[in-house]
Amino acid sequence: MNIKQYQNKDFSISRLGLGCMRMSVNPNSDRKESIATIHKALDLGINLLNTGDFYGVDGHNEKLLGEALKNQDRDKAFVSVKYGTFGNLFAGGNAVDVGPKNVKKYITSSLKNLNLDYIDLYQPARVDIGIPIEETIGAIADLVKEGYVKHIGLSEVDANVLRKANEVHPISLVELEYSIANNRIEKEILPVAREFGTGVVAFGLMRLNRLLGVRNDPLIDVVKAIANEKNVSIAQLSHAWIFNQGNDIIPLTGARKRSQLEESIESLAIQFTASDISRINEAIDNSKIVGSYMSKIIIKNGLVISH
């Protein structure tokens, strides 16, 4: 099937992205299969490849992606990289640098790992509340001027930060948790993103799968019923729901196998009736499980003060 496109004034990307993190942090991942999955995605027109310099040890995910992109047409891939020394947090420390001071050093390392001359989208993995976002975006904007970065993104921010950032440089994409079991962004940040023409890269699509053991919740009951009616999996229905939330929503699939990627792609063909949407919306409004599942990481002046 043809993958739909997200289009803004500067670029066009597939409306389904491949999140590569699990290829490096899941112990059951197979390197050859991961690379084959990336190649499969590119062959099918899925060009948004999402990684981070802290995905895996010693730049593992960037190096994996770099190997996969070797001998590929560079223009076929739109590479999104998050930076921030989150490896320190995973190792038990609390020093996390997502500010402007060392962005040149971090992007130099990423470009080397990826074996690329430039990165399509570069973004801090979080925001340091002790550093004005204008300074961080300004530093990345300098990388744009120097040709190392094409576009600037943000991840896990609120509406106020997104607004301030856009005043310094256009924010092309913002990466946020958004799923059938967590629609919190619809109230405040999604309207601001649409005001500025900032696309939303949605992750956390599979949260509902982790909650299937919950009993007597209307959302679980309705999703199971509709999935059964359409003869699709809960995962596929979750992908289809987020894909239908607007042309500016770009869901990420965490597929690390070709079979998983194909299942995600099949979900894009699922059609919802007006009755389906009404039943799901009513269930969301009455559900007790809808909300964020990620811990809120708060960084101030380079130190994690809460997570």
Side-chain angles (χ1 to χ4, degrees), residues 5-14 17 47-54 62 74-75 77-86 96-111 114 116-178 185 188-203 246-250 252 297 299-302:
Q5 299 290 301
Y6 165 75
Q7 179 74 56
N8 69 11
K9 64 183 180 65
D10 296 318
F11 59 84
S12 175
I13 57 173
S14 54
N47 65 338
L48 173 58
L49 305 175
N50 183 282
T51 186
D53 63 10
F54 51 92
E62 290 181 324
R74 176 65 181 90
D75 292 336
F78 186 95
V79 179
S80 170
V81 178
K82 289 185 290 294
Y83 80 86
T85 53
F86 272 71
V96 176
D97 182 6
V98 290
K101 183 179 179 181
N102 295 305
V103 289
K104 188 67 173 288
K105 179 177 74 173
Y106 297 146
I107 198 168
T108 298
S109 175
S110 290
L111 289 170
L114 290 160
L116 297 177
D117 296 324
Y118 66 88
I119 288 169
D120 297 278
L121 185 83
Y122 199 57
Q123 57 189 330
R126 291 292 190 280
V127 168
D128 189 318
I129 64 172
I131 302 173
I133 189 62
E134 294 90 340
E135 293 182 11
T136 300
I137 298 303
I140 301 175
D142 287 340
L143 300 179
V144 174
K145 294 175 183 176
E146 295 169 14
Y148 297 113
V149 172
K150 294 294 185 182
H151 311 284
I152 300 178
L154 284 172
S155 179
E156 285 296 276
V157 297
D158 60 25
N160 185 50
V161 168
L162 182 58
R163 189 177 293 280
K164 287 181 178 180
N166 264 296
E167 291 171 356
V168 177
H169 189 280
I171 302 302
S172 297
L173 297 170
V174 58
E175 191 171 322
L176 299 163
E177 182 193 349
Y178 187 25
I185 75 165
E188 295 181 357
I189 191 168
L190 185 55
V192 173
R194 287 174 169 164
E195 175 187 338
F196 284 98
T198 300
V200 173
V201 176
F203 69 89
N247 293 331
D248 55 351
I249 308 297
I250 305 105
L252 285 179
I297 299 175
I299 305 164
K300 186 173 184 179
N301 297 321

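Treat the numbers as computed from the prediction; the structure is a model and nothing was measured. Computation of the quantities below employed the complete heavy-atom set of this structure, encompassing side-chain atoms and omitting hydrogens, waters and symmetry-equivalent molecules.
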Inset, instruction - Indicate yes or no: at least one non-hydrogen side-chain atom of V79 is less than 4.5 angstrom from one of Y118. - result: no

Inset, instruction - Check whether any side-chain heavy atom of D120 lies under 4.5 Å from a side-chain heavy atom of R74, and answer yes or no. - result: yes

Legend entry - Distance (rounded to the nearest 0.5 Å) between I171 CD1 and T198 OG1: 6.5 Å

Legend entry - Side chain N50, main chain S80, donor-acceptor under 3.5 Å: no

Inset, instruction - Please say whether more than 12 non-hydrogen atoms of neighbouring residues, nucleotides or ligands are located less than 6.0 Å from CG in D117. - result: no

Legend entry - Test item: Y6 side-chain N/O and F11 main-chain N/O as donor-acceptor pair under 3.5 Å: no

Legend entry - Atom pair NE2 (H151) and CZ (F78), whose distance is rounded to the nearest 0.5 Å: 5.0 Å

Inset, instruction - State whether a side-chain donor-acceptor pair under 3.5 Å links S155 with Q123. - result: no

Inset, instruction - Taking the side chain as every heavy atom from C-beta outward, state whether L190 and I249 have any atom pair closer than 4.5 Å. - result: yes

Legend entry - Test log, rule salt bridge (charged side-chain N to carboxylate O under 4.0 Å, His left out), inputs K164 and D158: CA-CA 10 Å; K164 287 181 178 180; D158 60 25; over 6 Å; no

Legend entry - F86 atom CZ: more than 12 heavy-atom contacts under 6.0 Å: yes

Legend entry - Nearest non-hydrogen partners of L121 and I119, listed with the distance: O-CG2, 3.2 Å

Legend entry - Rounded distance [0.5 Å steps], CD1 in I297 versus CZ in R126: 4.5 Å

Legend entry - Rounded distance [0.5 Å steps], NE2 in H169 versus OG1 in T136: 14.0 Å

Inset, instruction - Would you indicate whether the side-chain heavy atoms of E175 and L252 approach each other to under 4.5 Å? - result: yes

Legend entry - Nearest atoms (heavy-atom pairs only) where I250 meets G17: CG2-N, 4.1 Å

Legend entry - Where A165 and I137 come nearest, the two heavy atoms and their spacing: CB-CG1, 3.8 Å

Legend entry - With Y122, the side chain to side chain contact (heavy atoms under 4.5 Å, CB included) member among V144, I152, I107: I107

Legend entry - Which atom of Y83 lies closest to which atom of V103, heavy atoms considered: OH-CG1, 3.1 Å

Legend entry - Distance (rounded to the nearest 0.5 Å) between F203 CZ and E156 CD: 4.0 Å

Legend entry - Any side-chain heavy-atom pair of V81 and L114 under 4.5 Å: yes

Legend entry - Considering all heavy atoms, the nearest E62-G52 contact: CG-O, 3.9 Å

Inset, instruction - Calculate, to the nearest 0.5 Å, the distance between atoms NZ and OG belonging to K150 and S172 respectively. - result: 12.5 Å

Inset, instruction - For residues I131 and P100, report the shortest heavy-atom separation together with the two atoms involved. - result: CG2-CD, 3.8 Å

Legend entry - Donor-acceptor side-chain pairing of N47 and S14 below 3.5 angstrom: yes

Inset, instruction - Would you check if V157 and I189 make a side-chain contact, meaning some heavy-atom pair closer than 4.5 Å? - result: yes

